[in-house]
K.L.:
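Could you have a look at this structure, given as structure tokens, before my questions?
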Amino acid sequence: LRMPAISLASNSAWVDGTSYQAVARSSDAFGNYAGSYATAASTMDMSTPTAGVVVPVPDTTIYSLAQITGTSSDAGSDVSGVSAVEVRLKRLSDGLWWNFASESWSLSAVSTIPAGTNPWSLAPTERLQAELAHQASYFIGVRAQDNAAPANAGDFFAKGSTFTFSDTAPPAARRGKSSASRAPST
């Protein structure tokens, strides 16, 4: 069995949203070709999906973080659609990221997958809510990934929400956090 190398010219221009079909058939060493062809079809998806945060509203002060919500889309022609959204949370005062798995602040960003894609929502745990510091600012970064193979994914810093948390509850009223580590309410 001899197989010649198959390649496309480097100047071949792939066009987003265009359907392509590859057709092949085999031959033997004597130049005899098989009667049947093998075919594969696909649509080129080079569009990067986007995601944004709706709540908390960017550049606001919030007094509780019961929900983080947003939207996503995969714009373009004949796109594959959004398969997942990822969410990250960064504390701006020290640059630490919330680790959604260990439920603690860390140097490394660890994403979580919210429910849904458009719209999407994430209910912060009690632990995360208790770890929000009074008058501290945070950034929620989000990105979407599509169903293409390989998948296209957006950038966490393209869209997001920066907010300031204001804790008006007395420290003892917040479960899961000792009063010694909370800033006093004013």
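The shown structure was predicted, so the numbers you read here are calculated from the model rather than taken from an experiment.
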K.L.:
Going by ring pair (Phe, Tyr, Trp, His ring centres under 6.0 Å), name the residues that satisfy it together with F139, two or more places apart in sequence or in a different chain.
P.N.:
F157

K.L.:
Tell me, please, which residues at least two apart from S166 pass side-chain hydrogen bond (donor to acceptor under 3.5 Å, both in side chains).
P.N.:
Q135

K.L.:
Could you tell me which residues satisfy salt bridge (Lys or Arg N to Asp or Glu O under 4.0 Å) with R88, sequence neighbours excluded, listed by chain and number?
P.N.:
none

K.L.:
Using a 4.5 Å cut-off between side-chain heavy atoms of Ile, Leu, Val, Met, Phe, Trp and Tyr, which other residues end up in the same hydrophobic cluster as V23?
P.N.:
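Other cluster members: Y37.
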
K.L.:
Do I62 and L122 belong to the same hydrophobic cluster, where Ile, Leu, Val, Met, Phe, Trp and Tyr are linked whenever their side-chain heavy atoms lie under 4.5 Å apart, directly or via other members?
P.N.:
yes

K.L.:
Would you say S72's side chain and T117's backbone share a donor-acceptor pair under 3.5 angstrom?
P.N.:
yes

K.L.:
List in chain and number order the residues that pass side-chain hydrogen bond (donor to acceptor under 3.5 Å, both in side chains) with Q145, two or more places apart in sequence or in another chain; answer none if no residue qualifies.
P.N.:
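Testing Q145 for side-chain hydrogen bond (donor to acceptor under 3.5 Å, both in side chains), a comparison that skips the adjacent residues, returns none.
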
K.L.:
Who are the side-chain hydrogen bond (donor to acceptor under 3.5 Å, both in side chains) partners of E103, not counting sequence neighbours?
P.N.:
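Testing E103 for side-chain hydrogen bond (donor to acceptor under 3.5 Å, both in side chains), a comparison that skips the adjacent residues, returns T125.
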
K.L.:
Rounded to the nearest 0.5 Å, how far apart are CZ of R127 and CH2 of W98?
P.N.:
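Separation between the atoms: 5.5 Å.
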
K.L.:
I need the full list of salt bridge (charged side-chain N to carboxylate O under 4.0 Å, His left out) pairs touching residues 148-166, with sequence neighbours left out, sorted by first then second residue.
P.N.:
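Sorted result for residues 148-166: empty, none.
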
K.L.:
Considering only residues two or more places apart or on different chains, which pairs with a residue in residues 104-124 satisfy salt bridge (charged side-chain N to carboxylate O under 4.0 Å, His left out)?
P.N.:
none

K.L.:
List in chain and number order the residues that pass side chain to side chain contact (heavy atoms under 4.5 Å, CB included) with S102, two or more places apart in sequence or in another chain; answer none if no residue qualifies.
P.N.:
N99, S104

K.L.:
At what distance, to the nearest 0.5 angstrom, does CH2 of W120 lie from CD1 of I113?
P.N.:
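Reported to 0.5 Å precision, the distance equals 11.0 Å.
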
K.L.:
With sequence neighbours left out, write down each residue that passes side-chain hydrogen bond (donor to acceptor under 3.5 Å, both in side chains) with T164, or none if nothing qualifies.
P.N.:
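Only S137 meet the side-chain hydrogen bond (donor to acceptor under 3.5 Å, both in side chains) criterion with T164.
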
K.L.:
Taking the ring centre of each residue, are W105 and W97 less than 6.0 Å apart?
P.N.:
no

K.L.:
Quick one: which residue pairs count as a side-chain hydrogen bond (donor to acceptor under 3.5 Å, both in side chains) with a foot in residues 53-62, not counting sequence neighbours?
P.N.:
none

K.L.:
Name all pairs fulfilling the salt bridge (charged side-chain N to carboxylate O under 4.0 Å, His left out) condition that reach into residues 132-151, sequence neighbours left out, sorted by first residue then second.
P.N.:
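Matches after skipping sequence neighbours: E86-R143.
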
